[in-house]
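Read the structure below first, then the notes.
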Amino acid sequence: AIDMCAVVSGRDVFIQVDGDHWHGLDRPIDIIRRFKSGHDRVITRKFDRDIEQCKWFKGEGRVLLRLVESRLKKMTDSEIIEAVKGAVSG
C-alpha cells in the first residue's frame, strides 16, 4: 500500500509531501548511504522506496507530485495550486 497525502479528485494525480528530516533532504544521498546512524538506514530505505514509487506511478500512467515539506510551508495557496496544475498538464 502507498500512503498519499492528497489525491486530485477526478484525475490520476497524487500528492506526496516529503519531510526534510525523514527523507534526508538536508544532505546528499551519497553521504547518507554511508550509514553513520540507524536514521541513515531509514532514510536510505525511504529514498529507494520513493524512487520505486515514482517509477510505479509513471508506469501506471499516473502523476505523482512530490512536494518537500520545508518548501511547501513557504508556498502560498496560489503557488500550490499552480504546482498541482503543472503536474496535471504535465
Side-chain angles (χ1 to χ4, degrees):
I2 299 174
D3 294 324
M4 285 295 111
C5 296
V7 177
V8 178
S9 182
R11 304 274 186 167
D12 279 334
V13 176
F14 300 80
I15 301 170
Q16 182 71 42
V17 178
D18 294 340
D20 297 75
H21 178 73
W22 288 106
H23 287 263
L25 301 172
D26 57 344
R27 49 199 170 122
I29 191 64
D30 60 322
I31 300 292
I32 295 167
R33 286 192 190 279
R34 294 181 188 160
F35 301 131
K36 293 188 176 182
S37 70
H39 181 65
D40 288 347
R41 292 183 193 284
V42 171
I43 292 170
T44 298
R45 284 193 302 271
K46 286 185 181 288
F47 181 85
D48 294 339
R49 184 199 65 203
D50 292 347
I51 290 171
E52 291 304 312
Q53 281 181 351
C54 289
K55 289 178 185 176
W56 184 86
F57 275 88
K58 187 174 183 175
E60 293 293 314
R62 299 176 179 183
V63 175
L64 176 59
L65 174 59
R66 301 194 86 92
L67 298 172
V68 176
E69 179 184 24
S70 61
R71 293 183 194 146
L72 179 63
K73 288 179 178 179
K74 296 175 185 176
M75 293 172 76
T76 64
D77 290 348
S78 60
E79 289 172 328
I80 295 168
I81 291 168
E82 287 304 311
V84 172
K85 284 181 180 177
V88 170
S89 65

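Because the structure is predicted, anything quoted here is derived from the model rather than measured.
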TODO: Please round to the nearest 0.5 Å and tell me the distance separating atom CZ of Phe47 and atom CG of Asp40.
DONE: 13.0 Å

- [ ] Go through the structure and list residues passing side chain to side chain contact (heavy atoms under 4.5 Å, CB included) with Glu52, not counting sequence neighbours.
- [x] Lys55

- [ ] Indicate the atoms forming the closest heavy-atom contact of Gly19 with Glu69, along with that distance.
- [x] CA-OE1, 3.3 Å

Task: Shared hydrophobic cluster for Met75 and Val17 (ILVMFWY, side-chain gaps under 4.5 Å) - done: yes

Open item on the list: Taking side chain to side chain contact (heavy atoms under 4.5 Å, CB included) as the definition, give me every residue that meets it alongside Thr44, ordered by chain and number, with sequence neighbours left out.
Closed with: Ile32, Arg33, Phe35, Asp48

Task: Sub-4.5 Å side-chain heavy-atom contact between Arg27 and Ile43 - done: yes

Task: Reported NE2-to-CZ distance for the pair His23 and Arg66, which is rounded to 0.5 angstrom - done: 6.5 Å

Open item on the list: Once rounded to the nearest 0.5 Å, what's the spacing between atom CG of Leu67 and atom CG of Asp18?
Closed with: 8.0 Å

Task: Lys74/Glu79 under side chain to side chain contact (heavy atoms under 4.5 Å, CB included): CA gap, chis, key distance, verdict - done: CA-CA 10 Å; Lys74 296 175 185 176; Glu79 289 172 328; over 6 Å; no

TODO: Give a yes or no answer on whether the side chain of Glu60 reaches the backbone of Phe57 with a donor-acceptor pair at less than 3.5 Å.
DONE: no

TODO: In sequence, state the C-alpha distance, the side-chain angles, and the governing distance for Val88 and Val63, and then conclude on side chain to side chain contact (heavy atoms under 4.5 Å, CB included).
DONE: CA-CA 7 Å; Val88 170; Val63 175; over 6 Å; no

Task: Val42: side chain to side chain contact (heavy atoms under 4.5 Å, CB included) partners, not counting sequence neighbours - done: Trp22, Arg45, Lys46

Open item on the list: Looking at every non-hydrogen atom in both residues, tell me the closest pair between Gly61 and Asp12 and how far apart they are.
Closed with: O-CB, 4.4 Å

- [ ] Determine whether Ile51 and Cys54 make a side-chain contact, defined as any pair of heavy atoms from C-beta on separated by less than 4.5 Å.
- [x] no

- [ ] Could you tell me whether the side chain of Asp20 and the main chain of Asp26 form a donor-acceptor pair under 3.5 Å?
- [x] no

Open item on the list: I'd like to know whether CG of Asp30 has more than 12 heavy-atom contacts from other residues, nucleotides or ligands below 6.0 angstrom.
Closed with: yes

Open item on the list: If you count heavy atoms of other groups shown closer than 6.0 angstrom to CZ of Arg71, is the number above 12?
Closed with: no

Open item on the list: Please determine whether residues Ile81 and Ile15 belong to a single hydrophobic cluster, defined as Ile, Leu, Val, Met, Phe, Trp and Tyr linked transitively by side-chain heavy-atom distances below 4.5 Å.
Closed with: no

Task: Same apolar cluster: Leu25 and Leu64, side chain cutoff 4.5 Å - done: no

